[in-house]
Protein chains: 2
Amino acid sequence: MATLGDLERAVMDLLWEHQEAITANTLRDLLSQRTSGTNSAEARPLAVTTVLTVLSRLEKKGLVERERSTRPHRYCAVTSREDHTAELMLEVLGSAPDREAVLARFIGTVSAGEAETLRKLLGR
Amino acid sequence: MATLGDLERAVMDLLWEHQEAITANTLRDLLSQRTSGTNSAEARPLAVTTVLTVLSRLEKKGLVERERSTRPHRYCAVTSREDHTAELMLEVLGSAPDREAVLARFIGTVSAGEAETLRKLLGR
DNA sequence: AACGTTTTTCTACACTTCGTAGAACTCCCA
DNA sequence: TGGGAGTTCTACGAAGTGTAGAAAAACGTT
C-alpha cells in the first residue's frame, strides 16, 4: 500500500507544497504549468475529472482529505511529506528481521552532513 | 521499480534465507511448506512453472541470478536482504527535497536499542 | 539414433492498479 | 426553473502480478 503512480505523486507533491487546501481546478492548472516547462510541445492539460479521480483515489488511500463544506471541494494532504516519507521508510525497514544490519548499511550511505545531523538528533 | 508482489516477495525471502543457490523445485517445496502452516485446508501447491515464471521476472528485475551451467538451473539472490532493504530505504528517502527533516522523523521512531546501535555506527 | 523424462521457455488469461476522461447527475444562483 | 460549475459514475487501455498449460529443449538410457 505504499507506491503511488506518477500522477498521484505529482498531485501529492503539489499538495505538500501548498499549506492551504486547494481545489481540483487549481491543481489542474498547477499540473499544467509543471509539465509545460518539461515538455516541448505544450502537452494538452489534464481534464479536471482526471484530477478529481486521482484525488478520490488518494483520499481512499488515506493520503488526502477533502473539505466537503465549501462548494468547490478543497483538498489537502493528511500528513506532511516528511512524515509520509519517514513512514514509508519505516514500512520498508519493518519487514526486515535484521533491522540493525539494515540500519548499518543505511547509515553507511548517507552524506557526511546528514550523518552529522543524525548524530545531533541522537543526542549526547 | 521497487515493489514486489506477494509471491515474488516470498520467493526472495526464501532465497535470502538460503546461502546456497537452489532450484525451482526446491523453492516450490519450500513455498508449499511455508503456506501449509498458515492455511487450514492444505492449499494446492504451486506449479513449478509458476515458480519459474516468477524467478524469470525477478531475474529481469536484477534481483536474482541464475546458474545456467548446472542442469536444473539454480537461483540465488543478487544482493543480501539487508543491502536490498537499505537500498529501498534510500530510494524512498532520495525523492525527498528535505532529507534531513525526514531523517529527523525517522530517528524519532526507531527503538532505543536501535538508536544506541546507530550512535555507535556514527562514531564518536 | 530414438525414446521417455526432466527442465525450461512461450503463451495466455484473470485480476488489480493507474492514467485518462466522457456521461450523467447534483447544486446553486440569477 | 434553467443553465453553468462541480462532482460522481462508468469505462477503457496499459502495465504488473499470480497462475499455469503447451510447446520446445536437453539429457540419460537403451
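Throughout, protein chains are lettered first and strands after them, A, B, ... in sequence-line order, and every chain is numbered starting at 1.
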Identify all side-chain donor-acceptor contacts of residues 102-112 of chain A below 3.5 Å with residues at least two apart in sequence or on another chain.
from	atom 1	to	atom 2	distance (Å)
A:Arg105	NE	B:Asp83	OD1	2.5
A:Arg105	NH1	A:Ala101	O	3.2
A:Arg105	NH2	B:Glu82	OE1	3.4
A:Thr109	OG1	A:Arg105	O	2.9
A:Thr109	OG1	A:Phe106	O	3.4
A:Ser111	OG	A:Glu114	N	3.1
A:Ser111	OG	A:Glu114	OE1	3.4

What is the distance from [atom1] of [X] to [atom2] of [N], rounded to the nearest Å?
| X | N | atom1 | atom2 | answer |
| --- | --- | --- | --- | --- |
| A:His73 | D:dA5 | NE2 | P | 17 Å |
| B:Leu58 | D:dT17 | CG | C1' | 11 Å |
| B:Met12 | D:dG18 | CE | P | 13 Å |
| A:Leu55 | D:dG6 | CG | P | 14 Å |
| A:Leu52 | D:dT10 | CG | P | 16 Å |
| B:Lys60 | D:dG16 | NZ | C1' | 11 Å |
| A:Asp29 | D:dA5 | CG | C1' | 15 Å |

_Closest to side chain of B:Lys61, choosing from D:dT17, D:dA20, D:dT7_ =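 When the side chain of B:Lys61 is considered, D:dT17 is the closest of D:dT17, D:dA20, D:dT7.
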Would you tabulate the nitrogen or oxygen pairs shorter than 3.5 Å linking the protein to nucleotides 21-27 of chain D?
from	atom 1	to	atom 2	distance (Å)
D:dA26	O4'	B:Arg71	NH2	3.2

*Can you list the residues that meet the side chain to side chain contact (heavy atoms under 4.5 Å, CB included) rule with A:Glu67, with sequence neighbours excluded?*
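For A:Glu67, the residues satisfying side chain to side chain contact (heavy atoms under 4.5 Å, CB included) (neighbours in sequence not counted) are A:Ala21, A:Ser69, A:Thr70, A:Arg74.
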_For A:Arg71, salt bridge (charged side-chain N to carboxylate O under 4.0 Å, His left out) partners two or more places apart_ =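 If we apply the salt bridge (charged side-chain N to carboxylate O under 4.0 Å, His left out) test to A:Arg71, skipping adjacent residues, there are no hits.
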*Establish, with yes or no, whether the OP1 or OP2 oxygen of D:dA5 is under 4.0 angstrom from a side-chain nitrogen or oxygen of A:Asn25.*
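No, outside the criterion.
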*asked:* With a 4.0 Å limit, can you tell me whether B:Arg9 has a side-chain N or O closer than that to the phosphate oxygens OP1/OP2 of D:dG18?
replied: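 Checking B:Arg9 against D:dG18: no side-chain N or O falls below 4.0 Å of OP1 or OP2.
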*Answer yes or no: is there a side-chain heavy-atom contact under 4.5 Å between A:Leu7 and A:Leu46?*
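Yes; the side chains approach each other to less than 4.5 Å.
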*Side chains of A:Leu118 and B:Leu118: does their closest heavy-atom pair fall under 4.5 Å?*
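No. Closest side-chain heavy atoms not under 4.5 Å.
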*Considering the options B:Leu63, B:Leu55, B:Val78, which one meets the side chain to side chain contact (heavy atoms under 4.5 Å, CB included) requirement together with B:Leu15?*
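Testing each of B:Leu63, B:Leu55, B:Val78 against B:Leu15, the sole residue satisfying side chain to side chain contact (heavy atoms under 4.5 Å, CB included) is B:Leu55.
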*Using a heavy-atom cut-off of 4.0 Å to chain A, what are the terminal contacting nucleotides of DNA chain C, in 5' to 3' order?*
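Under 4.0 Å from chain A, the extent on DNA chain C is C:dC18 to C:dC27.
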*How many angstroms lie between CE in A:Met12 and CG in A:Leu14, if you round to the nearest 0.5 Å?*
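A:Met12 atom CE to A:Leu14 atom CG measures 10.0 Å (nearest 0.5 Å).
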_Nearest 0.5 Å, please: how far is CG in B:Leu58 from CD in B:Glu8?_
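So the CD of B:Glu8 and the CG of B:Leu58 are separated by 5.0 Å.
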*Have a look at A:Leu7 and say if it touches a base, only the backbone sugar-phosphate, or nothing, with a 4.0 Å heavy-atom cut-off.*
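Sugar-phosphate contact only.
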*What pairs meet the salt bridge (Lys or Arg N to Asp or Glu O under 4.0 Å) rule with one or both residues in residues 14-23 of chain A, with sequence neighbours excluded?*
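The answer is A:Glu17-A:Arg34.
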*Mapping A:Asp6 and B:Arg57 to their closest nucleotides on DNA chain C, which lands nearer the 5' end?*
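Result of the comparison: B:Arg57.
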